Participant: 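Sharing a structure here in C-alpha cells format.
Scope of the values below: all heavy atoms of this structure, side chains included, with no hydrogens, waters or symmetry mates. Given the structure is predicted, the values throughout are model-derived calculations rather than measurements.
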Amino acid sequence: MFGNSTRAQTSTATRRLMKEYRDLTADPLQDTITAGPVSEDNMLEWEALIQGPEGTPYLVFPSDYPLNPFTMTFDPPLLHPNIYPNGVVCISILHPPGDDPLHYESASERWSPVQGVRSVLLSVLSMLAEPNIESGADVECCKLFRDNKPEFERRVREQVNNLLGI
C-alpha cells in the first residue's frame with residue numbers, strides 16, 4: 001500500500017524537477033547560478049554553483065605563491081565558526097608554512113607548496129560541513145555552535161534566506 005504512494009510521490013517529484021531543470025537551463029539565473037541533477041539517473045540529487053558578483057575577489061594569491069598560501073574570502077561573510085566576521089576563511093591549510101607559533105597545529109597541517117587550489121577547496125567543503133570550534137575564527141559563533149546548535153542553524157538559515165531575498 002505505502003510502496004505505490006512513495007512511487008507516486010517520487011514520480012511527481014521527478015516530473016516537477018525535470019520541469020524546473022528545463023526552466024533553469026532555458027532561462028539561467030543571471031548567469032551566476034547553475035543547478036542541475038548530479039546524474040541523469042537520479043533527479044532527486046542536484047548540485048549547484050553560485051558565482052559571486054563580477055570583480056569580487058574570493059581567492060587572492062600572493063606574489064610568492066605557491067611558497068605561501070592564498071587567502072579565501074566569503075563575500076558577503078557567512079556565519080560560521082571558521083570564518084572571520086570579515087569573511088576570511090580560517091583553516092589550517094591556509095596558514096603560513098612552518099611551525100605554529102601558538103603550538104596548536106603541526107607544520108604538516110599548514111600550507112606547503114604541494115598544496116593547491118583543489119586541496120584547499122576540498123578542505124573548505126569539509127570545514128563547512130564540520131566546523132572546528134576548538135580553533136575558531138569567530139569566537140561568539142563557536143560558542144553558539146557548541147552551546148545552542150539549533151539556534152546556530154536557525155541563524156544560518158535566516159542569513160541564507162536574507163541573502164537570497166526570500
Participant: Between C141 and L79, which heavy-atom pair has the shortest distance, and what is it?
Facilitator: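 Smallest heavy-atom distance, with atoms named: SG-CD1, 3.6 Å.
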Participant: Between E109 and S106 (side chain of the first, backbone of the second, donor and acceptor by atom type, cut-off under 3.5 Å), is there such a pair?
Facilitator: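 Side chain of E109 to backbone of S106, a donor-acceptor pair under 3.5 Å: yes, one is there.
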Participant: Nearest heavy-atom pair of G136 and C142: which atoms, and what distance?
Facilitator: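 Taking every non-hydrogen atom into account, CA-SG, 3.5 Å.
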Participant: Counting only N and O atoms by type, is there a donor-acceptor contact under 3.5 Å from the side chain of Y58 to the main-chain atoms of D75?
Facilitator: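 Yes, Y58 side chain to D75 backbone: donor-acceptor pair under 3.5 Å.
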Participant: I83, L121: one ILVMFWY side-chain cluster at the under-4.5 Å cut-off?
Facilitator: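 I83 and L121: one cluster.
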Participant: Can you hop from L94 to L67 via hydrophobic side chains spaced under 4.5 Å?
Facilitator: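 No.
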Participant: Taking side chain to side chain donor-acceptor pair (under 3.5 Å) as the definition, give me every residue that meets it alongside Q159, ordered by chain and number, with sequence neighbours left out.
Facilitator: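 Q159 satisfies side chain to side chain donor-acceptor pair (under 3.5 Å) with no residue once adjacent residues are dropped.
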Participant: Quick check for you: to the nearest 0.5 Å, what is the distance between E45 atom CD and L17 atom CG?
Facilitator: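 That separation rounds to 11.5 Å.
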Participant: Does E151 pair with R154 as a salt bridge, N-O distance under 4.0 Å?
Facilitator: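 Yes, this pair counts.
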Participant: So which atom in P37 and which in M43 form the shortest heavy-atom distance, rounded to 0.1 Å?
Facilitator: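 Closest approach of P37 to M43, heavy atoms only: CG-SD, 3.6 Å.
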Participant: Taking the side chain as every heavy atom from C-beta outward, state whether M18 and R15 have any pair of such atoms under 4.5 Å apart.
Facilitator: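 The answer is no, as the side chains (C-beta and beyond) never meet within the 4.5 Å cut-off.
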Participant: Check the pair D147 / F152 against side-chain contact (heavy atoms from CB on, under 4.5 Å), numbers first and verdict last.
Facilitator: CA-CA 9 Å; D147 298 340; F152 168 80; over 6 Å; no
Participant: Could you list the cluster mates of V114? Members are the ILVMFWY residues connected by side-chain heavy atoms closer than 4.5 Å, either directly or through other members.
Facilitator: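 Members besides V114: none; it forms no cluster.
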Participant: Which residue pairs pass the side-chain hydrogen bond (donor to acceptor under 3.5 Å, both in side chains) test with at least one member in residues 80-94, sequence neighbours excluded?
Facilitator: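 Every pair satisfying side-chain hydrogen bond (donor to acceptor under 3.5 Å, both in side chains) with a residue in residues 80-94: S92-E105.
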Participant: Tell me whether I133 shares a hydrophobic cluster with V88, the cluster being built from Ile, Leu, Val, Met, Phe, Trp, Tyr side chains joined at under 4.5 Å.
Facilitator: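 The answer is no; the residues belong to distinct hydrophobic clusters.
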Participant: Shortest non-hydrogen contact from P81 to F145?
Facilitator: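 Closest approach of P81 to F145, heavy atoms only: CG-CB, 4.0 Å.
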Participant: Return the set of residues passing side chain to side chain donor-acceptor pair (under 3.5 Å) with D23 (not counting sequence neighbours), or none when no residue passes.
Facilitator: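 Side chain to side chain donor-acceptor pair (under 3.5 Å) check on D23 returns K19.
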Participant: Search all heavy atoms of N42 against all heavy atoms of L44 and return the closest pair with its distance.
Facilitator: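 Minimum heavy-atom contact is OD1-N, 2.8 Å.
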Participant: Taking all non-hydrogen atoms of both residues into account, name the closest pair between I91 and S123 and its distance.
Facilitator: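 Of all heavy-atom pairs spanning I91 and S123, the closest is CD1-O, 3.5 Å.
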Participant: Who passes ring-ring contact (aromatic ring centres under 6.0 Å, His included) against Y104, sequence neighbours left out?
Facilitator: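 Testing Y104 for ring-ring contact (aromatic ring centres under 6.0 Å, His included), a comparison that skips the adjacent residues, returns none.
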Participant: Could you walk me through whether T12 and R16 pass the side chain to side chain donor-acceptor pair (under 3.5 Å) test, one step at a time?
Facilitator: CA-CA 6 Å; T12 300; R16 168 68 183 261; over 6 Å; no
Participant: Please lay out, stage by stage, how M72 and V60 fare under the test side-chain contact (heavy atoms from CB on, under 4.5 Å).
Facilitator: CA-CA 7 Å; M72 181 175 184; V60 178; over 6 Å; no
Participant: Fit a plane to each ring of F70 and W111, take the angle between them on a 0 to 90° scale, and name the class: parallel (under 30°), tilted (30 to 60°) or perpendicular (over 60°).
Facilitator: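 Judged by the thresholds at 30° and 60°, the geometry between F70 and W111 is perpendicular.
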Participant: Once rounded to the nearest 0.5 Å, what's the spacing between atom SG of C90 and atom CE of M127?
Facilitator: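 Nearest 0.5 Å value for the SG-CE distance: 9.0 Å.
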Participant: Could you please spell out the steps behind the side-chain contact (heavy atoms from CB on, under 4.5 Å) verdict for V124 and V89?
Facilitator: CA-CA 8 Å; V124 169; V89 172; 4.2 Å; yes
Participant: Apply side-chain contact (heavy atoms from CB on, under 4.5 Å) to R155 and L144, showing your working.
Facilitator: CA-CA 10 Å; R155 288 187 191 177; L144 182 62; 3.4 Å; yes
Participant: Do Y65 and V117 come close enough that some side-chain heavy atom pair is under 4.5 Å?
Facilitator: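 A side-chain contact exists here, since the closest heavy-atom pair is under 4.5 Å.
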Participant: Counting only N and O atoms by type, is there a donor-acceptor contact under 3.5 Å from the side chain of T25 to the main-chain atoms of Y21?
Facilitator: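 Present.
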Participant: Under 3.5 Å, is there a donor-acceptor pair between the side chain of R110 and the main chain of P96?
Facilitator: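 Yes, the answer is positive, given that a donor and an acceptor are paired below the 3.5 Å cut-off.
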Participant: Just grab all the side-chain hydrogen bond (donor to acceptor under 3.5 Å, both in side chains) pairs involving residues 124-139, residues at least two apart or on different chains.
Facilitator: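 Every candidate side-chain hydrogen bond (donor to acceptor under 3.5 Å, both in side chains) pair involving residues 124-139 fails, so no pair, neighbours aside, qualifies.
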Participant: Report whether L78 and L59 are members of the same hydrophobic cluster (ILVMFWY, side-chain heavy atoms less than 4.5 Å apart, transitive linking).
Facilitator: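 Looking at the clustering, L59 is in the same group as L78.
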